[in-house]
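As the structure lists them, so they are numbered: ligands from 1, and atoms in each ligand from 1.
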Amino acid sequence: MRTAKEIKYIAIHCSAGFGKRESIEAFWKTKGWKSPGYHRLIEVDGTIHKLLDFSKTSNGVLGFNEQTINICYVGGVENKGTTQQPIWKAKDTRTEAQKTALKSCIKEAQQWLQKNANTNKIIIQGHRDFSPDLNKNGIIESWERIKECPSFDAKKEY
Ligand SMILES: [Zn+2]
C-alpha cells in the first residue's frame, strides 16, 4: 500500500495493440508481473476496466510507479505492414468514447487524490514524457517499450 500523498503523476498510456483486457493480462502474467500494468484500462468502445485501486502500485512507468497513477487506452498503433509481417507504427487511435473515458478516469483519479489530502501539483503526462531519450522514429520496438506511448501529446491535452 502507498498513501495518496506520495502521488505526483497521472501517466497516460496506450496498449500498443488491439488485444482485449484478457490478452493484455495474460501478457503481464508471462512477464511474471505481480501487479497490473495500469490502474485503468479503456477499451475501444470506451468501457473502463478498474484493474487496481489507486492506493496500490501498478507497473506502468519504470522507476516512477510509486508516485504514479497509470491509465491506458487500447490502441495507439496502426499496422503499416501486412497481416503476416506487421510493422507497427505509433498512431493516435483514440475513439471519441475513449477520449471521454480518459477524461473521466483522470477526473476520478484527481477526486481520489483530493479526498485523500494530496496537495501535490499533479503532473498529467504521457508515458513518453518520462523518458529522456526519444529518437522520435515512431517505430514500436516491443510491447510497452513503445517510444511514442501514448501516441499523442497528453501533456498538452490534459
Ligand atoms: Zn506506456
Asker: With respect to the Zn ion (ligand 1), what is the nearest N, O or S atom of His13?
Answerer: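 Sorting the N, O and S atoms of His13 by distance to the Zn ion (ligand 1) puts ND1 first.
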Asker: In His127, which N, O or S atom comes closest to the Zn ion (ligand 1)?
Answerer: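 When I compare the N, O and S atoms of His127, ND1 is nearest to the Zn ion (ligand 1).
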Asker: Can you give the donor-acceptor pairs under 3.5 Å from side chains of residues 109-117 to other protein atoms, not counting sequence neighbours?
Answerer:
from, atom 1, to, atom 2, distance (Å)
Asn116, ND2, Trp112, O, 2.7

Asker: Quick check: does Cys149 have an N/O/S atom under 2.8 Å of the Zn ion (ligand 1)?
Answerer: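 A backbone or side-chain N, O or S atom of Cys149 is under 2.8 Å from the Zn ion (ligand 1).
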Asker: With sequence neighbours left out, write down each residue that passes salt bridge (charged side-chain N to carboxylate O under 4.0 Å, His left out) with Arg21, or none if nothing qualifies.
Answerer: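 Salt bridge (charged side-chain N to carboxylate O under 4.0 Å, His left out) check on Arg21 returns Glu25.
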Asker: Verify the neighbour count for atom NZ of Lys99: are there more than 12 heavy atoms of other residues, nucleotides or ligands below 6.0 Å?
Answerer: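 Atom NZ in Lys99 is crowded, with more than 12 foreign heavy atoms closer than 6.0 Å.
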Asker: Of Leu41, Ile42, Asn70, Ile71, which meets side chain to side chain contact (heavy atoms under 4.5 Å, CB included) against His13?
Answerer: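 Of all the options given, the one that passes is Asn70.
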